[in-house]
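Protein chains get the first letters and strands the later ones, always in sequence-line order, with residue 1 at the start of each. Values in this document were obtained by computation on a predicted structure and should not be read as measured data.
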Amino acid sequence: MISNKDHENTIVCRCEDITLKEIRDLIKEGFKTVDEIKRISRCGMGPCQGRTCRQIVMGEIARTTGKDVSELRLSTFRAPTKNIKIGILAEAAEG
Amino acid sequence: MHIKEHPILAFKRGRRVEFFFDGKKMWGYEGEPIAAALHANGVRVLRRSIKLNRPRGFYCAIGNCSSCLMKVNGEPNVRVCVERLEEGMVVGTQMAKGDLSRAKANPISSSGGGSGIRKTDIAVIGGGPAGLSAAISANQMGAKVTLLDRNSRIGGQLIKQTHMFFGSEKQYAFIRGIDIADILADKLDKEMTDVMLNATVLGYYREDGVLGVEENNRFTKIKPERIIVATGASEKVLAFPNNDLPGIYGAGAAQTLMNEHGVVPGNNVLMVGAGNIGLIVSYQLMQAGINVKAIIEAASKIGGYWVHASKVRRLGVPIYTSYTVKKADGRESLERVTIWQLDKNWQPLKGTEIDLNVDVMCIAVGLSPLAELLWQAGCQMKYIPELGGHTPLRGEDMQTTVKGIYVAGDVAGVEEASSAMVEGSLAGLCAAKSLGYDNGRFKELREEAINELMNLRSGPVSEGMRKGLEQLI
Amino acid sequence: MIEKTGVPTPQDLWKVFPPKERLEKGPVAIIECFQRIPCDPCYTACKKEAIQEFEDINDLPQIDFEICNGCGLCISRCPGLCIFIVDQTYSETGVLIKLPFEFLPLPEKGEEVDALNRKGEVVGKTKVVKVQNGRYEDKTPVISILVPKELSMEVRNIRLRKNND
Amino acid sequence: MKKSGEVVIIGGGISGLSTAYNLARLGCKDVVLLEKESLYSGATGRCGAGVRQQFGLEINCRLAKGACEILENLNELLDYERDIELKQGGYLWLLTTDEEVKLYKKNVQLQNNLGIESRLITVEEALEIVPYLNPEGIKACTFHQKDGHVNPFQVSQAYAEAAKRLGVEINTFTEVTDIKVKNNHIVEVITDKGKIATNKVLNAAGAFAKHIGEMAGVKLPLKPERHQILATEPVEPLLGPMVISTDLACLQEPQGSFIMSYSDPDEPEGVNISSSWRFMEEMAKRVCTVLPILSNIKVVRQWAGNYTMTPDAAPILGSLPGVEGFYFAAGFSGHGFMLGPMTGVLMAEHILGKETTISIDKLDIGRFERGELMREPAVS
């Protein structure tokens, strides 16, 4: 197996620079849902909104808790699905 | 490097223009993504990550992730994998989080024009094979359609599929994906379908049933009577040490770079995943003149069609089943990948490591439905690994558990393009019918589509899919 | 094994090879398709109806070697690029193989190229007899090569030599 | 889950968690906290993460000042290792009418009297603090350096961990379905995971406090109301203070994202956490007017949470005469998180029958019947 130390260089969340080691440590500490991990670590809060990391985090939770991914609680999928400039929204409001 | 000649594709490029990267003068083609132009100039490191200061290049190539954020003309956090190159652009490596203070504050004009809410019978989200087919059959029934696609041309993934399709004549068998895109686009009833390009649906707002859309830097709203979500799927990622090195791309991203933008992804490639995408993209890399060193697959069997596997084997590309990535190495970008063998319990075996000197690694470990809008709409979802992940429950007519919201294609469970097209037709027919539109052939066409789907899925390669679908319908 | 390697085994191949007597009679199509997948264009491509209509689209193609005249229209119609024509009667010195080749540069008529087996290994050299690259082939050119008889059931690809050095 | 507890706390937001910790700190360790989702997933986790002391009501000023002093030392107090991201960049309050200037002058006086060093400043001074501010239409500002931002998740987590270490039992994904009252005494809390015998219940259920009250047969004058927020991509530091007015509130978190919101007077009553496109547009328009430089920043997400409003926009703290053992800390009207650290201290003292550090008598529920409303004027 690859040691947890090696996973200091395994990136789960590119936006916030969260490593697999950090995620595993958090799960060990007791953060057992995607949302809990997100709130405490910011994993998934960046510009991509968890598109890249969510699946890895779910897999890790499932693996360590012995649950099936289908049993896990999911985090919310919030709008906007793509980053949008505030200025563009403001123009729309002006009509 | 740009691809000079290609056995299948002819690249339509803009004029050659000058631009600047970190003070250096470079050349690129107007209108190509900035990341493609930089890549063609040998630039792979686009930014430094915000906390760990790691080098990053693009990863998804379609504006999904945050790997490629750069400074462009003084503005930070620009996704250069989708932002188009213009003459004289000043592009810079972004350090940390980006400095907004130098960006020009644009005065807000009132010409945004987004104040009204457009109404339409059916909004089809996604102009790939499923969405196009949905629009075509909804038109046939008599319904008006607004077709939204985030790209500058319709066709979805078809526009990078240089290989011939499987299936039967009805699903355009033996025609190349790129040509199917044109055929479907021609079939659209231009009077009945309003095509919105460069239009991303940002959200489905449940309280008033409105879609918030960004279209060509404008925010607009659409209130449809019915919605057909045909947003496709996104590529899964893998976790291994140094998985973020520039040069490690989604297989679809490498395909976008080479088949859409005509840029060579690198010299020596390791393909991770021997499903259809891994096999097809390997073949296409070879067609673009790039050496594929090996294809590895964690499962003990090749997941894609054997004919695709045989095709790449005849080119001399080895396929290692039961192998996975141990780690990647490289200073600023990928230089070496270490792979190792897995035992029956998917545990790596020490001592089986093989080092491969490659500058590109493509990750093709599967797709998952791009279902964000369905979650926002409150559609009931179920995790079905055979279909790529969380997939919406739906009826035989492709309607989800939320009335008026239909699905088709990969977002309804990752499958082949042929079934995506049939699902699209079915969703289009049924959504139109539910609004009272019928050209008199509804019953017959619906039945036909259902039978076609059954035929396509009746074989052994669809076994997992059938099992998965049973849980949804 | 093909499910692990991508290379058909002799056992797989025996099932799709025409009988020896048929090979000795003239050109014939060999469909190296071993997996039931939803696909049927080979049937529609065959003007002689030597490739039988699919009852189930997932069925493996069935070819009547007696009807097949080895015309090769099916080669560039197969999305799996797995149909080859073998003509053991072509000449005293060699067997003619027609195979699909979607790469650039294309070989020229008369050019000497490497002959590759199903693993992409060089098993000999060969001469290009013909290059068909018309509208019908639609970017899946069909290359005819000449190989010694003992390699006729082994060679399935070519590699240009100028690319090799 | 325990079968009984000296105190049962309903709600795993800041109020519940800080009360749990303070109870344990004061020696009452037989505490069970119940949260129907994950911790701080309600209003606490959804709030705008601002903390301020510039209030117009004496009691709020006192609570806020107390809370701020706790936050300044939270890492040491709770022995918490993660960064709580406290950024005391100030609150810059934009005043646009003469009436506002008059009122806020009065507020500043009150604040100064209570030891809060806020000041009324000119537009020029404001521009020195926020060079990107559009001064148009602004008559004057108030500013208090010690106001600012703190990360609600980290603060709540700090309390949760400290409480657990002292013996508090925290049960997440545990929903209270009923509260049994016998002879006007609380006797039992019933959850979807089992029953807990207890004589003391703290209702700290945020937007659901009204619903929890009904379980014990109590009507609380609470109105949940949706408030929406949007957050941007992170950029390097640009904005020091929270910029706030009757039109909007906008701050930059230490990690770089901007968080912004405004209050919609037309928002109907009800628990609602869905987002609207109208909010995104209107918010963008408002912020571009005040801070035009933000027209270039990108929104990454929007969300909503609930304020729980009281008739006078001041919290209800205390116990209810009539149902012995039923306590509540609710109706914070949008300030539950920032007051939370102090709420915990006071509620713990109150529940244990001690004299509270700051008198909460005036915040009792009886004030509405007595007609002694508080009226917090500085609500945004």
Side-chain angles (χ1 to χ4, degrees), chain A residues 1-24 42 46-60 62-63 67-72 74-95, chain B residues 49-52 54 56 59-60 63-67 69 77 79 105-106 108-116 150 200-205 212 214 217-221 234 236-244 326-327 347-348 368 370-376 381-385 389-390:
Chain A
M1 284 306 286
I2 299 169
S3 74
N4 214 13
K5 176 100 181 91
D6 288 334
H7 282 312
E8 279 178 2
N9 287 314
T10 303
I11 302 298
V12 174
C13 171
R14 283 175 192 236
C15 301
E16 300 282 346
D17 262 357
I18 316 277
T19 68
L20 186 55
K21 179 180 186 300
E22 287 173 77
I23 297 296
R24 288 187 174 170
R42 303 195 61 85
C48 97
Q49 284 296 291
R51 277 193 172 155
T52 335
C53 60
R54 189 180 281 121
Q55 164 225 335
I56 299 180
V57 174
M58 286 199 312
E60 282 298 317
R63 204 177 53 81
K67 281 188 185 168
D68 193 81
V69 176
S70 60
E71 301 166 59
L72 301 182
L74 273 164
S75 63
T76 33
F77 290 77
R78 296 193 161 118
T81 58
K82 179 185 139 194
N83 304 177
I84 179 168
K85 265 195 204 176
I86 288 216
I88 293 173
L89 291 166
E91 284 192 359
E94 289 287 339
Chain B
S49 71
I50 64 171
K51 256 173 30 196
L52 305 171
R54 296 170 73 91
R56 294 274 163 79
Y59 180 78
C60 74
N64 268 349
C65 72
S66 63
S67 205
L69 302 184
N77 299 324
R79 281 180 163 81
N106 299 319
I108 304 305
S109 76
S110 57
S111 60
S115 61
R150 68 174 171 185
T200 309
V201 176
L202 302 180
Y204 172 75
Y205 293 95
E214 188 193 14
N217 293 325
R218 284 174 45 202
F219 183 66
T220 59
K221 282 85 63 185
S234 63
K236 290 184 182 168
V237 292
L238 266 188
F240 51 83
N242 299 322
N243 58 341
D244 61 334
K326 184 184 183 189
K327 62 176 174 135
Q347 294 306 309
S368 46
L370 200 52
E372 289 150 21
L373 294 172
L374 300 174
W375 288 101
Q376 285 174 14
M381 309 286 284
K382 199 164 175 189
Y383 182 78
I384 298 180
H390 285 91

Is A/Glu16 in contact with chain B via its backbone, its side chain, both, or neither, using a 4.5 Å heavy-atom distance? both
What residue in B/Ser49, B/Gly63, B/Gly203 has the most heavy-atom pairs under 4.5 Å with chain A? B/Ser49
Out of curiosity, A/Ile56 CD1 to B/Leu238 CG, how far, rounded to the nearest 0.5 Å? 7.5 Å
As an exercise: rank A/Val12, A/Asp68, A/Leu89, A/Ile84 by heavy-atom pairs under 4.5 Å with chain B and give me the winner. A/Ile84
If I measure from the heavy atoms of chain A, does B/Pro348 come under 4.5 Å with its side chain, its backbone, both, or neither? side chain
Sub-4.5 Å side-chain heavy-atom contact between B/Lys327 and A/Ile2: no
Is there a side-chain contact between B/Leu69 and A/Pro47 (heavy atoms, below 4.5 Å)? yes
Shortest non-hydrogen contact from B/Gln376 to A/Phe77? CG-O, 3.1 Å
Select, from B/Ser368, B/Ser67, B/Gly212, B/Pro385, the one with the greatest count of heavy-atom pairs under 4.5 Å involving chain A. B/Ser67
Heavy-atom distances under 4.5 Å only: say whether B/Glu372 touches chain A with side chain, backbone, both or neither. both
Side-chain touch A/Thr81/B/Leu370, heavy atoms, less than 4.5 angstrom: no
For chain A, find which of B/Leu373, B/Asn217, B/Asn77 contributes the most heavy-atom pairs closer than 4.5 angstrom. B/Asn217
Over all atoms of both residues, closest heavy-atom pair of B/Phe219 and A/Ala92: O-CB, 3.5 Å
Closest non-hydrogen atom pair between A/Cys15 and B/Ser66, with its separation: SG-OG, 2.9 Å
Test salt bridge (Lys or Arg N to Asp or Glu O under 4.0 Å) applied to A/Asp17 and B/Arg54, B/Lys51, B/Arg56, the passing residue: B/Arg56
What pair of heavy atoms forms the shortest contact from B/Phe240 to A/His7, and how long is it? CA-CE1, 4.5 Å
A/Asn83 vs B/Arg79 side-chain heavy atoms within contact, under 4.5 Å: yes
If you count heavy-atom pairs within less than 4.5 Å of chain B, which of A/Thr76, A/Val69, A/Thr52 leads? A/Val69
May I ask you to test the B/Cys60-A/Arg51 pair for a side-chain heavy-atom distance under 4.5 Å? no
Checking heavy atoms, do the side chain of B/Tyr205, its backbone, both or neither come under 4.5 Å from chain A? side chain
Indicate yes or no: at least one non-hydrogen side-chain atom of A/Leu74 is less than 4.5 angstrom from one of B/Met381. no
Side-chain contact test, heavy atoms from C-beta onward, threshold under 4.5 Å: evaluate it for B/His390 versus A/Met58 and give yes or no. yes
Determine whether B/Asn243 and A/Leu20 make a side-chain contact, defined as any pair of heavy atoms from C-beta on separated by less than 4.5 Å. no
